[in-house]
Amino acid sequence: DKLHQCLSLGFRAWAQGHLGQGSAAHNMRARMGRMAHALGGALMLDEWFDAADAELALLDQRYEEALDRGRGVSKRARASGSLLAQGIGERVWGHAVWQLGGTATECDRHFRHSLDALERGGLFPQAARTRLEWAELFHKRGEDEAAARQAGAAFMLLHNCHLPHATAAARALRARLPAALFDLPD
């Protein structure tokens, strides 16, 4: 039916963005928007797709837009209790703050808020993504011990969720950090 088709367009767009197919993601999201409008406008999971739009802006390096979208979705999701949208919104907000030259303190605050929402909701694969992105930022700031703590925690979350294919990002980050900082199982 039209509702399921519309929702699937949104999820496909989100996946395409993560696969580096920004143009296809935007086209798919536009199709979803037209279909949602024809169905009456607001759909269930709107906050999730707002979070996806914030992530797509971040992935496309549109940092001002990502900041605005991340901030907006985080605030709306906090008010409605949508922990997934809040966690993703905070992660995007923190990452965009960093990219736009904000302070490490402000950036870290948003990553902590992201983790709080995602872990409170039991959304551990998303919490692991937050930890990996935060670890990358710690590494870029020269804070390799903090990067190792976050990467190690992300690895364990993914491992405990039985997502061995997803641990590749933690392993790749580990390869760039001094080996003495942490030890992950192979």
Side-chain angles (χ1 to χ4, degrees), residues 1-100 102 106-107 109-134 136-137 154 157-158 161 163 165-166 168-169:
D1 72 30
K2 295 270 187 203
L3 174 63
H4 289 107
Q5 185 180 11
C6 184
L7 294 173
S8 72
L9 288 171
F11 286 118
R12 282 182 56 197
W14 204 347
Q16 286 175 316
H18 280 280
L19 293 171
Q21 301 168 2
S23 178
H26 291 291
N27 291 339
M28 190 75 57
R29 214 30 199 113
R31 281 182 56 201
M32 181 197 175
R34 289 188 301 274
M35 189 174 283
H37 180 74
L39 290 170
L43 297 175
M44 61 181 159
L45 308 179
D46 268 352
E47 287 175 339
W48 288 15
F49 293 117
D50 289 345
D53 287 342
E55 260 192 335
L56 292 174
L58 183 67
L59 291 167
D60 285 345
Q61 300 177 353
R62 297 186 322 267
Y63 300 123
E64 290 283 349
E65 179 183 346
L67 178 68
D68 290 343
R69 287 181 178 273
R71 180 186 301 127
V73 73
S74 177
K75 289 179 178 181
R76 287 189 308 278
R78 186 177 300 112
S80 72
S82 177
L83 294 174
L84 176 65
Q86 181 186 349
I88 292 171
E90 287 286 348
R91 180 174 64 222
V92 169
W93 189 352
H95 202 119
V97 161
W98 177 254
Q99 292 295 334
L100 293 169
E106 184 181 5
C107 169
R109 181 176 58 246
H110 293 295
F111 275 90
R112 272 192 296 279
H113 290 318
S114 174
L115 281 177
D116 178 57
L118 295 169
E119 290 178 349
R120 197 165 14 112
L123 302 160
F124 299 117
Q126 282 294 327
R129 287 200 50 228
T130 292
R131 288 186 181 281
L132 284 173
E133 286 188 28
W134 200 4
E136 286 283 353
L137 293 179
L157 280 171
L158 294 168
C161 290
L163 297 170
H165 61 282

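Positions are given from 1 along the sequence.
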Which heavy atom of Ser114 sits nearest a heavy atom of Thr130, and at what distance? OG-OG1, 2.9 Å

Begin with the C-alpha distance, continue with both residues' side-chain angles, and end with the deciding distance and a verdict on salt bridge (charged side-chain N to carboxylate O under 4.0 Å, His left out) for Asp116 and Arg112. CA-CA 6 Å; Asp116 178 57; Arg112 272 192 296 279; over 6 Å; no

To check you understand the geometry: which heavy-atom pair defines the closest contact between Pro125 and Cys161, and what is its length? CD-SG, 4.1 Å

Value rounded to 0.5 Å, distance of CZ in Arg91 from CD in Gln126: 4.5 Å

Shortest non-hydrogen contact between Val73 and Glu47, atoms and distance: CG2-O, 3.6 Å

Under 6.0 Å from the CZ atom of Arg12, do we count more than 12 heavy atoms belonging to anything else shown? no

Measure the CD-NE2 distance between Glu55 and His95 for me, rounded to the nearest 0.5 Å. 10.5 Å

Working to the nearest 0.5 angstrom, can you tell me the gap between Ser74 OG and His113 NE2? 8.0 Å

Euclidean distance, Asp53 CG relative to Glu65 CD, rounded to 0.5 Å: 8.0 Å

Can you name the one residue among Trp98, Trp93, Trp134 that meets ring-ring contact (aromatic ring centres under 6.0 Å, His included) with Phe111? Trp134

Considering all heavy atoms, the nearest Ala128-Leu157 contact: N-CD1, 3.8 Å

Value for CD (Gln99) from CD (Gln61), rounded to nearest 0.5 Å, stands at 7.5 Å

How far apart are the closest heavy atoms of Ala77 and Gln86, and which atoms are they? CB-N, 3.4 Å

How long is the gap from CG on Leu9 to CE on Met35, to the nearest 0.5 Å? 5.5 Å

Looking at Leu123 and Leu83, what are the two nearest heavy atoms and their distance? CD1-C, 4.1 Å

Heavy atoms from other residues, nucleotides or ligands near CZ of Arg31 exceed 12 (cutoff 6.0 Å): no

Arg76 side-chain N/O to Asp50 backbone N/O, donor-acceptor pair under 3.5 Å: no

